[in-house]
Amino acid sequence: MEMDVDGKRRLPFQQPVPGRPRWQGRSRPRRTARRTAGLLLSACLCFIAYAQWRQLQHSPSSVPPAGSDITVHGLSVKRLQDDLATCSALRKKPQDPIGLGRKKNSRYIDGHAPTLIKNATVWVGEPKEGTDPEAARNGKGYGWIPSDVYLEYGLIKKVEAAIGLSSVASDTIVFDARGRPLTAGIIDMHSHAGVGSLPSLWGNEDTNEMSANISPFVRSIDALHPGDPQIQVIKSGGVTTSLVLPGSGNNMGGEAYVIKHAVGKADGRNETSAADLLADPDRNWRYMKMACGENAKRVYGRPGEAGPMSRMGESWDFRHAFEQATKVVREQDDWCDAAAAHGVHNHRSYLPQELRWESLGALLRGQVHLNTHCYTISDLEAFIDHTNEFKFKLRAFHHAHQTFLVPEILKRAYGGDPPASALFADNMYYKAEANVASEFAGKMLWDSGLTPIYVSDNPVLNAQHVLFEAAKAYKYGLPYHAALASVTTAPAERLGFGQRLGKIKPGYDADVVVWDSDPLSVGAAPVQVWIDGTAQLKDPVELDKPAVELIVPDKDLAHLPGEPVQADEVVFTGVTHVLLDETSVDRKIGAKGIAVVFSKGQLTCLGDCQDELQAATKSNTPVVQLKDGYLTESFTAFGSKIGLNAIDAEDDTDDGPNPNTFVRAEDGLVLDNQKTNASYTYGVTKAISAPSFRGGFSHHGTSVGFLTGAKTVVGQDAVFASDVSAHYTFDTSVKQDGTPSISAAIGSLRRKLLEAHASLSSDETTKDVHSESAFLQKVVNGSLPLVITVHSADTIGALIKVKKAVDEITKASIRLVILGGAESWLVAEELAAAKVGVVLAPLQSYAVSWDQRRALTGAPLTNGTAVDKLLEAGVVTAIGLEEDWLVRDLGLLAGIVYRNGGGKVDEKGALDLVSGNIYKLLGLKQPGSKSGHFVISEGSPLDIGSRVKAVGGGAGQVTMFAK
């Protein structure tokens, strides 16, 4: 037989016999057919024999020779065995790491001495044993208890009264809490600390991986910078643990990591690394961030080129990604099942693995705690549908502004465990999906049996003050114990650390904070912070505060305010404090209080007012009994976009930026929207707003003073002051277009001021009285204030020099006001000498940008903040708003100055920071109580437990807010 080219045997080729007659071939047909059939039969038999031989050679039952590293299929035995081990890891279901039963914390560094905290007032974080669960949810069994706390080997070892020194290690460090409150460390479940390092610069911004909309494969730990100064600032607010998430620019943002805020040897660690920050070195759980809604379609949507362009496209991207991961999971399961049944030697391929879908597969296997940024009902519902279609659990919706509207949708989530809502207390309006929101969301979610958690989204909010978000949640009706839980036990449970973090109990990690006042009170600050049993604050600043008075939970706060009611005549009794500019009533009236009578929106009686009370009884005039009533001036919002913008990110609702044109705010005023209405509801009856320069917190043009309760710009007294002041901006945003530098911008302003003076000196008349040059003529003669939005101390210093130079030439004095002022404290003496005032916005600055990098963060890291330094130097100071949502918080911000000022600022002085001082700086008469502007509160408006009960906005009526 011959052989073919591929080595297979074949029959010899049959050549015809030469010279044979053609008829011979046809004369014997039967014999030829029989011969052909025989040959075919022989070929078939040979083929069958050959095939059986090949099958035997490659039979699944065959085993490679002993000691062989390669299977008969050419695969590595070791790799197959590794793959088999991977099968076990793939199918392992993580468990929350244990707390009690450990001898020491796995993060503990040998050699650290134990600590005994004596004389503390402890919030354990759970109700007394035996409390009925339903009663406990309503607050029963919770409370502060006097106790000592012993920390050893990075764990809480004892929580008992009067722990004796003889019962603890001889090298124990003793800390006397002096009766002050002690809680578990605060947990921030939404932070970008370390990946969005501060001050924010292009080179250190790693929050979002924008190369693809679907990127579950990236990891925040790979960009986590342990040297981010903000990590230490955050810790100074009592935050010991944070979930560091990727950003929300894409639908699937990537993996997240839980860290503790102890960095390097200075904080008691052996190394400075991202790995050393991990709260659980064993990495029992993994974490992931996703996002739905506006962001992804704004970032990636390009018609005809890329998507998603809509929420429909986003849902497809989600589902397609889940489908790809599901396919990989199924292929892996099939491989692992076959390997378990028949052994790895029989496999013709390795375990299917695709790094792109590995983390998403882990989510589908229940190994990842998922957190998803979602605001709107449509987004929430679509994502809940995804959980059920692809069978994965969701730990929390973040931002979650509309979850309070649809608790039943959350309860449909896969797995029977509804997601928590990780919220801001009252940050809203910044984009369309944040416009439908409520400050009472946490209370309403709690009432629906769901879990509210309060977060910072650092650096969106400074996580140093994330506890303040929980405090405001209490103010807005969330029960006291639930508010504390919202930044301790609730996030601990959602992160899978429910047995280690969030409580003061034996076996829990020794992450502990001692506070200088009730942690939910205004201005509360840590005295000391421990992480894994090691004190973190070196020589902490302790504020001068009176003895701690713990908050007695006010159940009346749980009653939401009713719809506003207008009254022409009303009487209030039980007013214990009158803090008005235009009255001689003693501010300390006594516990019983006095009566206050209003008629046609005007204050007509203060004191006994018996005649008015009798008349009210006869005429059915409302008589409102107050508990610790306060009568104060109404507040003023300065520096915000209120009146010029309804939704920050929506151009259609905004007056627009004016980088090249000097304009008047009055010409762009729009009233009766959510921002103006919320302002009025919280006692901010007046606002002074300036046109925007380049968006955000920037200004260019003349500001307008208007009433927030007015419905139209032509309403009676809607505008109380036109062209209040001339505004310019000198932050980093000025370096664009024809202005290459800050120095060029300052030079341009100097030149414009001198030209304005020259035109005045030459008796030139400006035809357009609303032109920039006309307004600057008023600036140089001192009749119109000049307000500069600026943070940098150096730029502020340059502006002081400009003022001095121009004043010397004009022989007048420019009324210069600094707006922003994060670093103004560095030149406080110079500001006072030049008679330049400051409107701080924000009040509590932090190094969010390069020109704010030297901001004072306050106790326990610094002795005071900018406001303290400015007031000490004699600078007239006020509080402004760098973001509009803060309008609800003006009274509380003033309260921080009052509570943390060491007695240097009284209640009236603190309230002046958000009212009278603004007008003093501008040389403007304040529309006060004689003009019908006032606020009636139960409790001091400077305290967390206060509630606005009535507002007078100069419209001839009193607006009342009943329970």
Side-chain angles (χ1 to χ4, degrees), residues 427 429 462 633-645 648 665 675-676 678-679 682-693 696-706 708 721 724-731 785-792 796 799 815-825 831 836-846 848-849 851-852 855 865-871 875-897 909-924 926:
N427 186 353
Y429 310 140
N462 181 2
E633 298 288 346
S634 64
F635 306 151
T636 298
F638 185 82
S640 72
K641 294 179 288 186
I642 294 171
L644 297 171
N645 171 285
D648 295 354
K675 290 182 179 180
T676 59
S679 301
Y682 283 86
V684 184
T685 67
K686 297 151 288 187
I688 299 174
S689 298
S692 173
F693 176 51
F697 186 62
S698 66
H699 309 91
H700 190 220
T702 62
S703 52
V704 60
F706 64 95
T708 59
V724 173
S725 49
H727 290 253
Y728 292 86
T729 296
F730 287 93
D731 62 12
L786 175 62
V787 179
I788 306 294
T789 301
V790 58
H791 285 298
S792 166
I796 293 171
L799 290 166
R815 184 185 288 271
L816 178 61
V817 178
I818 300 301
L819 174 57
E823 294 187 353
S824 61
W825 66 276
L831 288 166
V836 175
V838 177
V839 180
L840 289 170
L843 171 70
Q844 297 176 300
S845 298
Y846 59 112
V848 69
S849 63
D851 53 0
Q852 300 179 63
T865 61
V867 68
D868 302 299
K869 304 300 183 184
L870 293 169
L871 292 175
V875 177
V876 179
T877 307
I879 297 173
L881 298 178
E882 80 280 13
E883 293 188 74
D884 298 352
W885 62 268
L886 284 161
V887 71
R888 292 177 172 84
D889 299 345
L890 272 176
L892 300 180
L893 295 175
I896 292 171
V897 181
L911 290 168
D912 283 343
L913 294 171
V914 292
S915 55
N917 283 13
I918 294 170
Y919 298 89
K920 186 176 180 180
L921 285 167
L922 299 173
L924 189 65
Q926 175 180 204

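Keep in mind it's a predicted model, so treat the numbers as computed, not measured.
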Within the distance-only criterion (no hydrogens, no angle test), does the side chain of [X] pair as donor or acceptor with the backbone N or O of [Y] below 3.5 angstrom?
| X | Y | value |
| --- | --- | --- |
| Thr877 | Val875 | yes |
| Ser640 | Ala637 | no |
| Asp731 | Val790 | no |
| Thr708 | Ser679 | no |
| Asp884 | Lys641 | yes |

Compare all side-chain heavy atoms of [X] with those of [Y] and state whether any distance is below 4.5 angstrom.
| X | Y | answer |
| --- | --- | --- |
| Ser689 | Phe638 | no |
| Gln844 | Asn462 | no |
| Tyr919 | Thr636 | yes |
| Tyr728 | Val787 | no |
| Val704 | Ile688 | no |
| Pro691 | His700 | no |
| Tyr429 | Val887 | no |

[X] versus [Y], closest heavy-atom pair with distance:
| X | Y | value |
| --- | --- | --- |
| Gly880 | Val839 | N-CG1, 3.4 Å |
| Glu823 | Ala855 | CG-N, 4.4 Å |
| Ser915 | Gln926 | CB-OE1, 3.5 Å |

Atom [atom1] in [X], atom [atom2] in [Y]: separation rounded to 0.5 Å?
| X | Y | atom1 | atom2 | value |
| --- | --- | --- | --- | --- |
| Asp912 | Phe635 | CG | CZ | 10.5 Å |
| Leu893 | Leu881 | CG | CG | 7.5 Å |
| Leu799 | Leu786 | CG | CG | 8.0 Å |
| Leu911 | Leu913 | CG | CG | 8.5 Å |
| Ile918 | Ile879 | CD1 | CD1 | 8.5 Å |
| Gln852 | His791 | CD | NE2 | 4.0 Å |

Between Lys675 and Asn645, is the side chain to side chain contact (heavy atoms under 4.5 Å, CB included) condition met? List the steps. CA-CA 8 Å; Lys675 290 182 179 180; Asn645 171 285; 2.5 Å; yes
Does the pair Leu840 and Ser824 meet the rule for a side chain to side chain contact (heavy atoms under 4.5 Å, CB included), with working shown? CA-CA 9 Å; Leu840 289 170; Ser824 61; 4.0 Å; yes
Would you mind telling me which of Leu831, Leu921, Ile788 makes a side-chain contact (heavy atoms from CB on, under 4.5 Å) with Val836?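 That would be Leu831; it is the only one of Leu831, Leu921, Ile788 passing the side-chain contact (heavy atoms from CB on, under 4.5 Å) with Val836.
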Holding to ring pair (Phe, Tyr, Trp, His ring centres under 6.0 Å), I want the full list of residues that pass it with His699, two or more places apart in sequence or in another chain. Phe697, His727
Does Val867 form a side chain to side chain contact (heavy atoms under 4.5 Å, CB included) with Leu843? I'd like the steps, not just the answer. CA-CA 7 Å; Val867 68; Leu843 171 70; 3.9 Å; yes
Evaluate Leu924 against Val724 for side chain to side chain contact (heavy atoms under 4.5 Å, CB included), listing each step before the verdict. CA-CA 8 Å; Leu924 189 65; Val724 173; 4.1 Å; yes
Short side-chain donor-acceptor distance under 3.5 Å, Lys686 and Ser634: yes
Check the side chains of Ser703 and Ser725 for a donor-acceptor pair under 3.5 angstrom, ignoring hydrogens and angles. yes
